[in-house]
Amino acid sequence: MSTDVRIMPMAAHEYAAEVHEGAETTRHHVVLSEGFFDDLALVEPDEPTLVGEIIRYLLDREPNTSVPRELDAARLVAEDPEFLPELRRRLT
């Protein structure tokens, strides 16, 4: 199944993500907090790329219709021990 992810900036450290997966299109709001950047520990990551990888990480585990509409990256770090190491791997 083909998946297309579009990332659009909304405000500082806030993005809209539109995911087209098969016949389903979903929209998500992603927030990147300063605490998340501290946890990530990468020098100036490209934020749209980072948000795209966050969405793709979730899509590897569930369909787009199951991905929460509101996403706080720091909360994902706290809830999923595999999230941060995998995200670092994807970005390097």
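No experiment lies behind these values; they were computed from the predicted model shown.
For A78, there are no side-chain contact (heavy atoms from CB on, under 4.5 Å) partners two or more places apart in sequence or in a different chain. Partners of E47 by salt bridge (charged side-chain N to carboxylate O under 4.0 Å, His left out), not counting sequence neighbours: none found. Legend: residues meeting side-chain hydrogen bond (donor to acceptor under 3.5 Å, both in side chains) with E44, ordered by chain and number and at least two apart, are absent. Among residues two or more places apart in sequence or in another chain, the side-chain hydrogen bond (donor to acceptor under 3.5 Å, both in side chains) test is passed with R69 by none. By the salt bridge (charged side-chain N to carboxylate O under 4.0 Å, His left out) test, D60 is found to be paired with R90, residues two or more places apart in sequence or in another chain being considered. For E18, the side-chain hydrogen bond (donor to acceptor under 3.5 Å, both in side chains) partners two or more places apart in sequence, or in a different chain, are H20, R27.
Follow the hydrophobic side-chain contacts under 4.5 Å out from Y57 and you reach L91 in the same cluster.
Within the 4.5 Å cutoff, the side chain of V67 has heavy atoms near those of the L71 side chain.
For CZ of R56, the number of neighbouring non-hydrogen atoms (other residues, nucleotides, ligands) closer than 6.0 Å is greater than 12.
To the nearest 0.5 angstrom, E79 atom CD is 6.5 Å from L76 atom CG.
S66 contributes no side-chain N or O that, together with a main-chain N or O of E62, makes up a donor-acceptor pair within less than 3.5 Å. At distances below 3.5 Å, at least one donor-acceptor pair connects side-chain atoms of E21 with backbone N or O atoms of N64.
Within the 6.0 Å centre-distance limit, the rings of F37 and H13 are counted as a close aromatic pair.
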